[in-house]
Every structure is written in structure tokens, then in C-alpha cells.
**Q** 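This is the structure, below, for whatever I ask next.
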Amino acid sequence: MTVSTQDGVTPAQAGWKYLSFQVHRLAAGQVLQGRSGDEEAVLVLLGGHLKFRLGEVSIDAPGRADVFSGLPYYGYLPRQTDWRLEAVTPCEVAWGSAPTTQDHPARLLGPKDCQVEMRGARNVERQITHLVDPGFGCHRLLCVEVYTPSGNWSSYPPHRHDAHDPPRQVKLEEVYYYRMAPDGFAFQRLYGGSTDQVVMAKDRDVVLVRDGYHPVVAGPGYDIYYLNLLAGDHPSWAAADDPDVAWVRGVWNSPQPLSLPMHP
């Protein structure tokens, strides 16, 4: 299922318990401010120059031109905390939140704090940029950025995290927020849970992952970015592979199995 980000995604709209998501697009000079209430939040500067203030911490973040131009500035907003965003240039800010009963300190971080992981190989290679991992210092949230080259597969082998069955998997709600060239596309299959469908994701689409497996492939000619925000009672990267294709992990570094042209 894809949804517009104009009004954001609420738990009621998504049909789950915790995760809310929205994208703020600010004009130069625009200010947004408020108070977090009973929710914690992760904010990711997708593009532009932004001045953050989260509680008592602040940063003047020169940012990146867009998601394909570098690593992000990002922040963690605790519950019952005042916040303020001031755009120096036009900005795009992703905001994921979940209700919490815990108190953690506000944090503002930048590119030097990001942990970059290369995962897979050949046409399954992609970059995972870790922003909020288990142990970060929050209650329910996780967050990564994923870069998938043209024609490559991602979130592969297909995995699921829709049941509390540690250490095999934990139950997490998840959104994929896509950025790519305006005429680009990716296909994402949602299967093995409450649905079996293939979604064509375009630039600025959000895909909701309620349950089941959810692999992605980038359209040839189009590099894709997606932001994953996840929420659950036991935030962890534990996930269960689709047993029919889990074997791929053992062979994606092996020699190419098919060489072309093929001769008699």
C-alpha cells in the first residue's frame, strides 16, 4: 500500500499501534515549532540547511543538497520536550514518532555519527546507513537510510518482523519513504502476511509494511533511496528470512552462474 505524505501517516490510518510518519517541507525562513507531548521522535534532514533545537540542544546543520549528496544530520526528540525547526534554505525533514513512557536525553547528530554498512553483493548490493540502532537510547524507534543502485535488489532475502519470537524475529511496524528521480520507480512485493501484492513506488511515496515479507527492486536506470522508520516494544534488527530463498545469502558472492551470450 502506498500513501501520500501530505497529511502524514497515523497509527489509525496504518492500522497498527505505534508508528506515525510525516515529511515537513519548509520554505527558506520558515519556522516550525511545538512540543512532543507523550511521543518520542526521530527527525532526519533529507535535504537543505536547517537550524534544529530539541529541548536544550541545538545545531546549525548545513545539511546536504538531497539524499544522494551525502550523509544526514538527524536528531532524537524525547517526550514532553519543546522543539523548533528553522529553515535557512528550502528543507525536507522526515519525522517518525511513537508513544513512549520512558525519558531519554535529546540528541542531535551528524554525518560523522552515521555508521555505514555495505550489504549483499552483485545485484543484491546496497548501502545501509545506520542512524538509530538498538541501544541508541530511546524506547521504541529504529531508523536507517538505504541506497540501492539501479537494477539491484534490496531488503533481500525477503524478511519479516511481524511476531514476537526472539531471537528469530520481533514485531515491528515499518514505513519505507522513497526518494529517486522524478520519473524513477521501484517495485516492492508485500507477501506472506495479510496481503500479496506488488507496489510500484515512485518518488516521495510511502509504503506501509504491516506484516509479511517486503523485498524491493530498483528500476534499471534509477538509483533509489528509502528511509526506514520502525517502531515496536522490543526494537531489534532480528528478522526471519523467507525460507524458500534464504539460501541466496550463501551464494551472492559466488561466480556468476550464467554467462551471456549462451552458446550451444
Side-chain angles (χ1 to χ4, degrees), residues 5 8-11 14 16-24 36 39-47 50 52 54 57 59 61 63-64 66-68 70-79 81 83 85 91-100 102 104-119 126-148 154-155 159 161 170-179 188 201 204-210 214 216 224-239:
T5 61
V9 177
T10 67
W16 55 40
K17 190 173 181 181
Y18 294 130
L19 184 60
S20 297
F21 177 76
Q22 60 189 129
V23 175
H24 297 295
S36 55
E39 294 202 332
E40 61 179 354
V42 172
L43 290 69
V44 182
L45 180 56
L46 302 176
L50 183 71
F52 286 90
L54 307 181
V57 299
I59 192 172
R64 49 190 176 178
D66 55 48
V67 296
F68 294 102
L71 301 179
Y73 284 86
Y74 61 105
Y76 171 73
L77 176 66
R79 66 174 180 167
T81 300
W83 58 270
L85 308 178
C91 292
E92 182 178 42
V93 184
W95 181 299
S97 62
T100 182
Q102 297 182 6
H104 297 274
R107 299 178 67 183
L108 284 165
L109 304 108
K112 64 181 177 57
D113 301 298
C114 299
Q115 300 297 313
V116 174
E117 174 193 359
M118 299 306 298
R119 191 175 295 175
R126 65 275 195 193
Q127 175 180 311
I128 316 296
T129 303
H130 293 265
L131 307 184
V132 178
D133 278 330
F136 172 87
C138 64
H139 185 188
R140 290 194 167 100
L141 297 170
L142 295 171
C143 184
V144 294
E145 296 187 321
V146 181
Y147 293 89
T148 307
S154 195
S155 294
H159 63 269
H161 39 73
V170 297
K171 183 176 177 61
L172 294 170
E173 305 156 357
E174 182 174 24
V175 297
Y176 280 62
Y177 176 61
Y178 284 92
R179 293 306 316 269
Q188 183 160 24
R204 293 195 165 104
D205 275 347
V206 175
V207 174
L208 310 181
V209 178
R210 298 183 177 90
H214 39 278
V216 175
I224 65 169
Y225 161 100
Y226 55 81
L227 179 72
N228 283 147
L229 274 154
L230 307 93
D233 285 323
H234 305 276
S236 162
W237 295 123

**Q** Does the side chain to side chain contact (heavy atoms under 4.5 Å, CB included) test come out yes or no for Leu43 and Leu108, once each step is laid out?
**A** CA-CA 9 Å; Leu43 290 69; Leu108 284 165; over 6 Å; no
**Q** Are the side chain of Arg107 and the backbone N or O of Phe136 linked by a donor-acceptor pair below 3.5 Å?
**A** yes
**Q** Taking all non-hydrogen atoms of both residues into account, name the closest pair between Trp83 and Leu77 and its distance.
**A**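 Nearest heavy atoms, Trp83 then Leu77: CD1-CD2, 3.6 Å.
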**Q** Between Glu92 and His24, is there a side-chain donor-acceptor contact under 3.5 Å, judged purely by atom types and distance?
**A**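 Side chains of His24 and Glu92: no pair found under 3.5 Å.
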**Q** Does any N or O in the side chain of Arg64 come within less than 3.5 Å of the main-chain N or O of Leu45, such that one atom is a donor and the other an acceptor?
**A**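 Pair found, side chain donor or acceptor close to backbone of Leu45.
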**Q** Test side chain to side chain contact (heavy atoms under 4.5 Å, CB included) on Val93 and Leu50; report intermediate values, then the result.
**A** CA-CA 9 Å; Val93 184; Leu50 183 71; 3.7 Å; yes
**Q** Among side-chain atoms of Ser97 and Glu39, is any donor-acceptor pair under 3.5 angstrom?
**A** yes
**Q** Work out which heavy atom in Ala238 is nearest to a heavy atom in Ser236; give both atom names and the distance.
**A** N-OG, 3.0 Å
**Q** Could you tell me which residues satisfy ring-ring contact (aromatic ring centres under 6.0 Å, His included) with Tyr18, sequence neighbours excluded, listed by chain and number?
**A**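 Counting only residues at least two positions away or on another chain, Tyr18 forms no ring-ring contact (aromatic ring centres under 6.0 Å, His included).
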**Q** Looking only at side-chain N and O atoms, does Gln22 offer a donor or acceptor that is under 3.5 Å from a partner on Ser20?
**A** no
**Q** Could you tell me if the side chain of Cys114 sits less than 4.5 Å from the side chain of Tyr74, heavy atoms only?
**A**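 Yes; the side chains approach each other to less than 4.5 Å.
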**Q** Do His130 and Trp237 have side chains that get closer than 4.5 Å, going by heavy atoms?
**A** yes
**Q** State whether the side chain of His161 and the backbone N or O of Ala239 hold a donor-acceptor pair below 3.5 Å, judged by distance alone.
**A**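 Judged by distance alone, no pair lies under 3.5 Å.
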**Q** Sub-3.5 Å donor-acceptor pair from the side chain of Glu173 to the main-chain atoms of Lys17, do we have one?
**A**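 Answer holds: yes.
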**Q** Heavy atoms only: give me the nearest Ala98-Arg140 pair and the separation to one decimal.
**A** CB-CB, 4.3 Å
**Q** Looking only at heavy atoms, what is the nearest atom pair of Val209 and Trp16, with distance?
**A** O-CZ3, 3.5 Å
**Q** Less than 4.5 Å apart, any side-chain heavy atom of Val207 and any of Val216?
**A** no
**Q** For Tyr73 versus Gly110, what's the shortest heavy-atom pair and its separation?
**A** CD2-CA, 3.7 Å
**Q** Just how far is it from atom CD of Gln127 to atom OH of Tyr147, taken to the nearest 0.5 Å?
**A** 6.5 Å
**Q** Should Lys171 and Asp233 be marked as a salt bridge (charged side-chain N to carboxylate O under 4.0 Å, His left out) after you check the CA-CA gap, both sets of side-chain angles, and the distance that decides it?
**A** CA-CA 8 Å; Lys171 183 176 177 61; Asp233 285 323; over 6 Å; no
**Q** Which atoms form the tightest heavy-atom contact between Val42 and Tyr76, and what is the distance?
**A** CG2-CD1, 4.4 Å
**Q** Considering the options Trp95, Tyr176, Tyr177, which one meets the side-chain contact (heavy atoms from CB on, under 4.5 Å) requirement together with Phe21?
**A** Tyr177
**Q** Which residues satisfy the ring-ring contact (aromatic ring centres under 6.0 Å, His included) test with His234, sequence neighbours excluded?
**A**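 Result, ring-ring contact (aromatic ring centres under 6.0 Å, His included) vs His234: His164.
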**Q** Please check if any side-chain donor atom of Glu174 sits under 3.5 Å from a side-chain acceptor atom of His214, or the reverse.
**A**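 Note: Glu174 and His214 side chains meet the donor-acceptor criterion.
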**Q** What's the separation between atom CG in Leu54 and atom OG in Ser36, rounded to the nearest 0.5 Å?
**A**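 With rounding to 0.5 Å, CG (Leu54) is 9.0 Å from OG (Ser36).
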**Q** Counting C-beta onward and ignoring hydrogens, is there a side-chain heavy-atom pair between Cys143 and Val44 closer than 4.5 Å?
**A**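 Cys143 vs Val44: side chains touch.
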**Q** Check Glu145 with Arg126, please: is the shortest side-chain N to carboxylate O separation under 4.0 Å?
**A** no
**Q** Go through the structure and list residues passing ring-ring contact (aromatic ring centres under 6.0 Å, His included) with Tyr178, not counting sequence neighbours.
**A** Tyr226
**Q** Might you work through the side chain to side chain contact (heavy atoms under 4.5 Å, CB included) test for Glu40 and Arg79, ending with a clear yes or no?
**A** CA-CA 5 Å; Glu40 61 179 354; Arg79 66 174 180 167; 5.6 Å; no
**Q** Does Gln115, at its CD atom, have more than 12 non-hydrogen atoms belonging to other residues, nucleotides or ligands within less than 6.0 Å?
**A**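 No - once you tally the heavy atoms of other residues, nucleotides and ligands closer than 6.0 Å, there are 12 at most.
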**Q** With rounding to the nearest 0.5 Å, note down the distance linking CD1 in Ile128 to OG in Ser154.
**A** 5.5 Å
**Q** I would like to know whether Val146 and Val144 meet side chain to side chain contact (heavy atoms under 4.5 Å, CB included); could you show each step before the answer?
**A** CA-CA 7 Å; Val146 181; Val144 294; 4.1 Å; yes
**Q** Working to the nearest 0.5 angstrom, can you tell me the gap between Leu71 CG and Leu109 CG?
**A**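 Spacing of CG (Leu71) from CG (Leu109) equals 12.5 Å.
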**Q** Using the side-chain contact (heavy atoms from CB on, under 4.5 Å) definition, which of the options Leu19, Val132, Leu141, Leu142 pairs with Leu230?
**A**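 When side-chain contact (heavy atoms from CB on, under 4.5 Å) is applied between Leu230 and each of Leu19, Val132, Leu141, Leu142, only Leu142 qualifies.
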